There are 2 protein chains.
Amino acid sequence: MARDVARRAGVSTATVSRVLNGFAGVRADKREAVMRAAQDLGFVANGAARALSTRRFMAVGAVVPNIENEAFVRVLSSFQDRLRQAGYTLVAANAGYDLEDELREATFLLERGVDGLMLVGDIHHPDLHARIARAGIPMVQTFSLSRERPCVGFDNAASAARAANYLMDLGHRRIGVISGLRKDNDRGGARVTGIAAALAARGLGLAPEHDIEISYGIGGGRDGFRQMLAGGEPPTAIICGTDQIAFGAMIEARARGLSIPGDLSVIGHNDSDFAPFLDPPLTTIRIHSAEIGHAAGDHLIARIQGKPVVRLTEIDAALILRASTTPPGRRGT
Amino acid sequence: MARDVARRAGVSTATVSRVLNGFAGVRADKREAVMRAAQDLGFVANGAARALSTRRFMAVGAVVPNIENEAFVRVLSSFQDRLRQAGYTLVAANAGYDLEDELREATFLLERGVDGLMLVGDIHHPDLHARIARAGIPMVQTFSLSRERPCVGFDNAASAARAANYLMDLGHRRIGVISGLRKDNDRGGARVTGIAAALAARGLGLAPEHDIEISYGIGGGRDGFRQMLAGGEPPTAIICGTDQIAFGAMIEARARGLSIPGDLSVIGHNDSDFAPFLDPPLTTIRIHSAEIGHAAGDHLIARIQGKPVVRLTEIDAALILRASTTPPGRRGT
DNA sequence: TGACTATCTGAAAGCGCTTTCAAGACAGCC
DNA sequence: GGCTGTCTTGAAAGCGCTTTCAGATAGTCA
C-alpha cells in the first residue's frame, strides 16, 4: 500500500503518489526516498483504487467475432501494441458471430470500465450503441467502413470486386463464390455483393448454385466446393472468403480430378502465412491487418485523450497475384 | 451511479447493492423498484469501485509467448470459457518468448489487480514468482509440468520420445529434429531432450547436424530443412516442433526432389487444422489445447474461491498417425 | 532584516461501490 | 400490553489511491 511506502520514506501518501506518477515539483531527496521505499517494499499500486480515483481505467476493450481467426488475431496483436505504448491494457472478448453474445461481451467490458471499445464490422445488436453511448466512451469499428461511426477498415465490396474483375480480365465467365457465414457478418455479405455487382457490370451473373455459404475452415471449403459441383456446370474460377476456405476448395477440386489453375482458378482472402506455400501458391486479397490494428489503436487513444481524429480511415486491401489464377481452359499449366 | 438508482427507487444505496448482487432479505416490492430503476437508468456498476470495495477484481490474467500461435490461442479460448462461466474476465498479454518482456507484462497485469495468473512453461524471469507471491494471487503454469508449482500440461519429453520411438520402430536410424527457438522455452528443449534420450536408449544418437533450431513458421521449416541437408548425410525421418515447421520442411524436401514419406518421414506437433490436409497428411503429436485451458481455468478459479485443487494435472498428448510416416527407403509409397 | 514570492508538502476530501452495525417495524407469545 | 425475536433497512465507514488547497519552508530582493 502507498501508506507503507509513505511511512518508510517519511513522507505522505500524497507525495508518494506524486513521485510514482512522475509529477515534477518533488524535491530530489524525497523523490529518491520514495523510489527506494517503493522498490524495497515491491510496491504495486492498486489498479482499482487508482481507476476509481482518476476515473480512468487505462484499459480498452475489443470484441471480435472469433479469437481463433488469424485475421482478427493479427489485428488484436497490433492493436495491443499501440495501446501498450500508450500505457493501456487490452481486454479482448469473443463474440462468436452472434449479436446477442456480442452485446453480452461488450456489456461485460463496459461494466469493467474500459475507456474505449473496438468492434468488428457494422452489424450489431440494436441496443449496443446506446449502451456504449451511455458509458460515454469512444468506440471504433474495424474491418468495414461506415458513414455513421468512426471506423478503420476497407471497402470489402470494392476489393472483392477487384478480384472478380481480375478474373474476368483473364477471360473467366463462370465465377463462383464460397463465403463463410454471412448472417450478421457485413464483411462476407459485402464481398459477395461486390462480386455480384462486378459481374453484372459486365453482363454476367452470379448463378445461385455458384454462390455458396459455408462455415469457416478447411473442411468448410471442401464442403463448399463439393456443393458447388453438385449444382450443374462448374465454374472456371472461384473467390473464397478466406484462404482456409480456398485451401479446402483446392483439395476438393484436386480430389475431383480438377487441376489448379488449369481447370479452376482460385482466389482467397487474408494472405494467410501458408498461402504462398500452397500448391499452387494462392492468389489472395491481402488485408493489412497490422495497419488496421495500429490505426484503430491510435484512433481510440487519441479520442480518449481528447485529441482530434479522422472519423474514417480506409486501409488498402491488395490483390496478391500468385499461381492459382490463370486464364480459363489452360490445362496443365 | 447507484445513488441515482437508489433515489429513483426510493431506497438507500445499500439496498440497491443488495438487490443487484442478489442478496436475499430485501422485500419483494423494494427489490422490484430497484430492478426497474436500474433498468430505466441503464445502470452499469462501476467496476473499479466494486473491485476496490470487494478487493476482488473478477479478472484473471494470462501471459503467453505468442498470441498468434494457434496452440496458445486455443488454450486461451478454452481458458476464457471457464473464466466466463465463473464470471471472470480474461486479460491476456503477449510475452514474445522474452523473459524480460514476460516479467513486464505480468507486472502490468498484477498492477491491474488480476485475481489469478496463468503462465506458459517453466522458465521465467527470476523475479517473477516473487512478485506474484507478493501480490498474493494464485498462478498456474501450463504446457509443461513442474514439481514446484501448480501446473496443467503434459510431459513434453515423453511425448516427443514416443514419436522418436515410433519412428525407430518403423526402422528409422537417422532421425533429425527441427525445433523452434529453445532459448527460454522449456517445451522445445524438453522435446529435443526426450528425443535424444529415446535415441540413446536404443544405441543411436542425435547428430548435431540433424539437430536444428530455427524461428517458427513455414519459412523457418524450409530454412531448417535446408540447413539439415547441408550437414552431410540426410536423415530418413524428422520430428518438427510445430506443424508449420513440418509443412515448411515438407515443401523444402519436395523441392529437393525428396518424396514424402518415401525418402523422408515427417512428424509435426499440435495437430493444426491443416495437418490432415497436407500432402501427404501429416503425422503429428496432438496437444489437447482445449483441455489444458479448461483445466487451468478450473484450477485457478477453485484456488481463488479457496477450494481444494490438485497441484499437477497431466493432459495427454496423442501421436496421431497419418501418411507422412512410413518405414525408411520405401520410395514412391 | 523584513516582506514577498516561489517551492514543496501534507491533511483531507473524494472516487462509487460494499458491508457492517444498529435501529425500526412487526409478529408472536406470555 | 409488554417483551422478545425476526426481518428489513439506512447511515456510515471503509477500500487505496489521486488531487486540491492551504500551510510551511526556503529563497530573493530592497
Side-chain angles (χ1 to χ4, degrees), chain A residues 1-35 37-38 41-59 87 89 107-108 110-115 134-137, chain B residues 1-35 37-38 41-59 87 89 107-108 110-115 134-137:
Chain A
M1 298 202 310
R3 216 187 161 65
D4 301 331
V5 176
R7 199 170 305 139
R8 189 181 179 102
V11 299
S12 72
T13 59
T15 297
V16 171
S17 172
R18 280 190 271 257
V19 171
L20 265 28
N21 290 298
F23 264 102
V26 175
R27 228 169 41 210
D29 56 335
K30 299 227 173 194
R31 169 182 307 280
E32 269 170 35
V34 170
M35 297 288 242
L41 263 38
F43 174 71
V44 174
N46 178 317
R50 172 177 287 168
L52 181 59
S53 191
T54 59
R55 256 145 304 168
R56 280 279 179 100
F57 195 64
M58 298 309 280
T89 306
T107 304
F108 205 79
L110 257 24
E111 277 183 16
R112 285 290 186 275
V114 293
D115 298 314
R134 205 147 44 201
I137 61 169
Chain B
M1 298 202 307
R3 217 188 159 67
D4 301 331
V5 176
R7 197 170 307 139
R8 189 181 180 103
V11 300
S12 71
T13 60
T15 298
V16 171
S17 172
R18 280 190 272 257
V19 171
L20 264 29
N21 290 297
F23 265 101
V26 175
R27 229 169 42 208
D29 57 336
K30 300 228 171 195
R31 168 183 309 279
E32 269 170 33
V34 170
M35 298 287 244
L41 264 37
F43 174 70
V44 174
N46 178 317
R50 173 178 285 168
L52 182 59
S53 191
T54 59
R55 255 143 304 168
R56 281 279 179 100
F57 195 65
M58 298 309 279
T89 306
T107 304
F108 205 80
L110 257 25
E111 276 183 15
R112 284 289 184 277
V114 294
D115 298 315
R134 206 147 44 202
I137 61 169

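Note that this is a predicted model, so its numbers are computed, not measured. Sequence lines set the chain letters: A, B, ... in the order given, protein chains first and strands last, and positions in each chain run from 1. Reckoned from all heavy atoms, side chains included, excluding hydrogens, waters and symmetry mates.
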### Query
Using a cut-off of 4.0 Å on non-hydrogen atoms, how would the nucleic acid contact of A:Thr54 be classed: base, sugar-phosphate, or nothing?
sugar-phosphate
### Position toward the 5' end of DNA chain D (nearest nucleotide), B:Ser12 or B:Ser53
B:Ser12
### Message
Would you say CZ of B:Arg3 has more than 12 non-hydrogen atoms from neighbouring residues, nucleotides or ligands within 6.0 angstrom?
### Response
no
### Minimal non-hydrogen separation, A:Ala48 against B:Leu52, with atom names
CB-N, 3.8 Å
#### Entry: Heavy-atom contact window of chain A on DNA chain D, given 5' to 3' at under 4.0 Å
D:dG16 to D:dT20
### Task
Identify, with sequence neighbours excluded, every residue that meets side-chain hydrogen bond (donor to acceptor under 3.5 Å, both in side chains) alongside A:Thr13.
none
### Task
May I ask you to say what B:Ala14 touches in the nucleic acid, namely base, sugar-phosphate or nothing, with a heavy-atom cut-off under 4.0 Å?
base
### B:Val44 and A:Arg134, any side-chain heavy atoms less than 4.5 Å apart
no
### Query
Could you state the CZ-P distance from A:Arg27 to C:dA6, rounded to the nearest angstrom?
19 Å
### Message
Counting the atoms with a prime plus P, OP1 and OP2 as sugar-phosphate, which does A:Val11 contact under 4.0 Å by heavy atoms, base, sugar-phosphate, or nothing?
### Response
sugar-phosphate
### Non-neighbouring partners of B:Arg50 that pass side-chain hydrogen bond (donor to acceptor under 3.5 Å, both in side chains), sequence neighbours left out
none
### Task
Show your working on side chain to side chain contact (heavy atoms under 4.5 Å, CB included) between B:Arg18 and B:Arg31 and close with a plain yes or no.
CA-CA 9 Å; B:Arg18 280 190 272 257; B:Arg31 168 183 309 279; over 6 Å; no
### Query
With a 4.0 Å cut-off on heavy atoms, is A:Val16 in touch with a base, just the backbone sugar-phosphate, or nothing at all?
nothing
### Task
Could you check A:Leu52 against A:Val26 and say which one's nearest nucleotide on DNA chain C is further toward the 5' end?
A:Val26
#### Entry: Rounded distance (Å) that lies between atom C1' of C:dG24 and atom NZ of B:Lys30
12 Å
